[in-house]
Amino acid sequence: MALDRTHDAHARSWLASANVADGDFPIQNLPFGVFRRAGSQEAFRGGVALGDQVIDLQAAAQAGAFTGLAGQALRAASQPTLNALMAMGPEAWHALRLALFDALVDGATGPATEALRAALVPQAQAELGLPSRIGDYTDFYTSVHHALNVGRVLKPDDPLTPNFRWLPIAYHGRASSVVPSGTPFHRPWGQAMAPGASAPQYGPCRRLDYELEMGFYVGPGNAQGRPIGIGEAESHLFGMCLLNDWSARDHQFWEMAPLGPFLGKNFCTSVSPWIVTMEALAPYRVPFERPADEPQPLAYLDSPANRAHGGVDVQLEVRLQSPRHRAAGHAGDRLSATSFRHQYWTLAQMVAQHTVGGCNLQPGDLLGTGTISGPTPGEAGAIVELSRGGTQPIELPATGETRTFLEDGDTVVLRGWCQRAGHARIGFGECRGEVLPAVDAAAR
């Protein structure tokens with residue numbers, strides 16, 4: 001994807017908060033979401049994050065801020081979900097991004113700029129919702145480091161399944177339980193088989209975990225029976241977010257024989273509310289490199305473009321904030337940090353694999369990348385890895401507590417950002433979720 005003036009690291013906005021050093025939402029970002037004023041009964045509508053403000057795209061559309069293709073895209077983006085905008089494709093997305101940038105850049109004047117000035121709403125006064133109507137949600141399993149770490153817990157002598165290095169593995173998740181950042185959830189109930197037991201027990205999850213992931217939203221779909229080739233896969237992707245695939249490990253490991261995750265995963269999945277577009281991520285693309293001694297992708301999962309810039313260098317971190325942290329006004333201890341560039345499979349390969357059998361994706365569908373873990377111990381993307389299956393407690397230095405799995409009242413916060421010499425820093429905001437106690441069985 002070619003860079004243009006919207007990627008200029010020296011560009012500044014007339015909105016001062018967009019120019020703050022290390023801010024997530026400078027003018028080079030312009031991520032999309034949906035919002036309404038907090039405490040109101042207003043309908044959700046599309047918005048763009050800039051500095052500490054949200055640009056109300058419905059208000060901008062009603063003011064006639066843009067014309068032509070950019071105006072059409074603006075009207076599509078002003079709806080309660082972004083599905084219509086996602087369906088329009090890269091040409092429309094590019095037109096809207098250029099129009100927004102030109103009206104927001106420092107020194108801009110004219111009717112479009114005045115319309116956007118009048119459409120600003122403080123983020124502190126906004127309630128953010130799910131950005132799309134998610135018809136389907138698929139979660140992949142594409143980090144070789146995560147797969148090895150978890151595999152060593154379950155099968156120390158044979159940690160990696162033989163298919164992992166040949167195809168991007170995935171399971172079909174539950175779209176109805178995807179929630180926006182900040183939504184708490186109750187500890188789930190289910191069956192688990194304790195080590196050495198002869199029968200499973202039913203009760204609240206005892207091994208609750210998070211998974212550091214990214215999500216990506218489908219743009220234009222494909223007809224059933226018409227696969228998306230790897231060369232065109234990224235033209236079907238609108239953008240990326242942070243994703244936490246909460247996992248009940250005790251339930252998951254018991255039920256995954258012989259099929260994939262079910263109750264261990266379907267109770268809650270959290271996503272960050274802002275979608276950073278693939279165009280905004282263009283400066284942070286990196287080569288996809290498979291070691292020479294590893295199996296190389298089959299032809300349908302390989303292309304020169306994917307090898308040249310199929311990876312995305314997104315810096316990621318996980319923090320755990322316990323009730324004690326909150327009581328002390330502390331943001332929580334960092335548990336790990338890594339980069340998305342370490343994934344074994346790329347976004348384009350995931351899309352190509354998903355559709356190779358004829359599966360039809362639809363605008364607004366959500367795909368998860370799977371847990372993101374790097375090559376060193378401090379880059380593990382889940383507690384099951386950090387605690388080695390719950391056998392080694394993790395220290396929380398700020399409070400003196402330890403964890404092997406999540407406890408009631410714990411809040412997990414994921415953050416992500418991109419930065420590279422010669423380019424602006426852009427961020428994803430945060431993906432936050434709090435664990436509430438299990439609902440008493442008698443009250444269920």
Side-chain angles (χ1 to χ4, degrees), residues 1 4 6 25 27-36 42-50 53-104 112 115-116 119-121 126-137 175 178 180 215-222 228 232-241 271-282 347 351 360-367 426 428-429:
M1 186 177 293
D4 57 31
T6 67
F25 307 124
I27 194 172
Q28 293 85 356
N29 194 347
L30 304 179
F32 288 84
V34 299
F35 82 102
R36 64 184 176 189
E42 298 172 344
F44 282 97
R45 66 268 196 189
V48 165
L50 182 70
Q53 303 289 306
V54 180
I55 301 169
D56 185 336
L57 297 182
Q58 185 178 81
Q62 291 172 347
F66 306 140
T67 59
L69 185 57
Q72 296 174 34
L74 177 62
R75 289 189 290 275
S78 69
Q79 298 180 23
T81 68
L82 298 175
N83 295 67
L85 174 66
M86 293 171 174
M88 294 184 74
E91 185 179 357
W93 306 336
H94 178 67
L96 180 54
R97 177 177 169 85
L98 282 177
L100 286 166
F101 181 90
D102 289 343
L104 295 168
L116 296 188
L120 294 178
V121 176
E127 175 191 349
L128 302 173
L130 280 179
S132 82
R133 183 181 61 259
I134 302 170
D136 280 293
Y137 161 50
V178 178
F216 51 109
Y217 287 89
V218 174
N222 60 302
I228 298 173
E232 59 176 319
E234 290 206 14
S235 67
H236 290 263
L237 298 183
F238 180 68
M240 301 186 72
C241 67
V271 292
S272 56
W274 296 112
I275 304 175
V276 177
T277 65
M278 299 310 298
E279 192 165 6
L281 291 169
L347 302 178
V351 171
N360 51 318
L361 301 178
Q362 302 178 82
D365 282 355
L366 176 65
L367 282 66
I426 65 172
F428 289 76

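Being a predicted model, the structure only gives us computed values, none of them experimental. Quick note: numbers below take in every heavy atom, side chains included, and nothing from hydrogens, waters or symmetry partners.
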Does [X] reach the main-chain N or O of [Y] with its side chain, forming a donor-acceptor pair under 3.5 Å?
| X | Y | result |
| --- | --- | --- |
| N83 | S132 | no |
| R45 | A77 | no |
| D56 | A119 | no |
| H236 | P220 | yes |
| D136 | D365 | no |

Which heavy atom of [X] sits nearest to which heavy atom of [Y], and what is that distance?
| X | Y | value |
| --- | --- | --- |
| P80 | V34 | O-CG1, 3.4 Å |
| V54 | A126 | CG2-CB, 4.3 Å |
| A65 | A112 | O-CB, 3.4 Å |

Counting C-beta onward and ignoring hydrogens, is there a side-chain heavy-atom pair between [X] and [Y] closer than 4.5 Å?
| X | Y | answer |
| --- | --- | --- |
| E127 | F44 | yes |
| L366 | Y217 | yes |
| F428 | M240 | yes |
| F101 | I27 | yes |
| F66 | D102 | no |
| L98 | D4 | yes |

First locate atom [atom1] of [X], then atom [atom2] of [Y], and finally report the distance between them rounded to the nearest 0.5 Å.
| X | Y | atom1 | atom2 | answer |
| --- | --- | --- | --- | --- |
| I275 | L82 | CD1 | CG | 5.5 Å |
| M1 | M278 | CE | CE | 6.5 Å |
| Q58 | R75 | CD | CZ | 13.0 Å |
| L367 | L237 | CG | CG | 8.0 Å |

- Item | side-chain contact (heavy atoms from CB on, under 4.5 Å) evaluation trace for I55 with L120 | CA-CA 5 Å; I55 301 169; L120 294 178; 3.8 Å; yes

- Query: After noting the C-alpha distance and the side-chain angles of V218 and V351, does the key distance pass the side-chain contact (heavy atoms from CB on, under 4.5 Å) rule?
  - Reply: CA-CA 9 Å; V218 174; V351 171; over 6 Å; no

- The single option from I426, T6, L104, V276 that satisfies side chain to side chain contact (heavy atoms under 4.5 Å, CB included) with L30 is L104

Contacts table for residues 84-96: side-chain donor-acceptor under 3.5 angstrom, sequence neighbours left out:
unit_1, atom_1, unit_2, atom_2, d
W93, NE1, L85, O, 2.7
W93, NE1, G89, O, 3.4
H94, ND1, E279, OE2, 2.5

- Given F35 and L128, is the side-chain contact (heavy atoms from CB on, under 4.5 Å) satisfied, shown in steps? CA-CA 4 Å; F35 82 102; L128 302 173; 3.7 Å; yes

- Hey, mind stepping through N29 and W274 against side-chain contact (heavy atoms from CB on, under 4.5 Å) and telling me if it holds? CA-CA 10 Å; N29 194 347; W274 296 112; over 6 Å; no

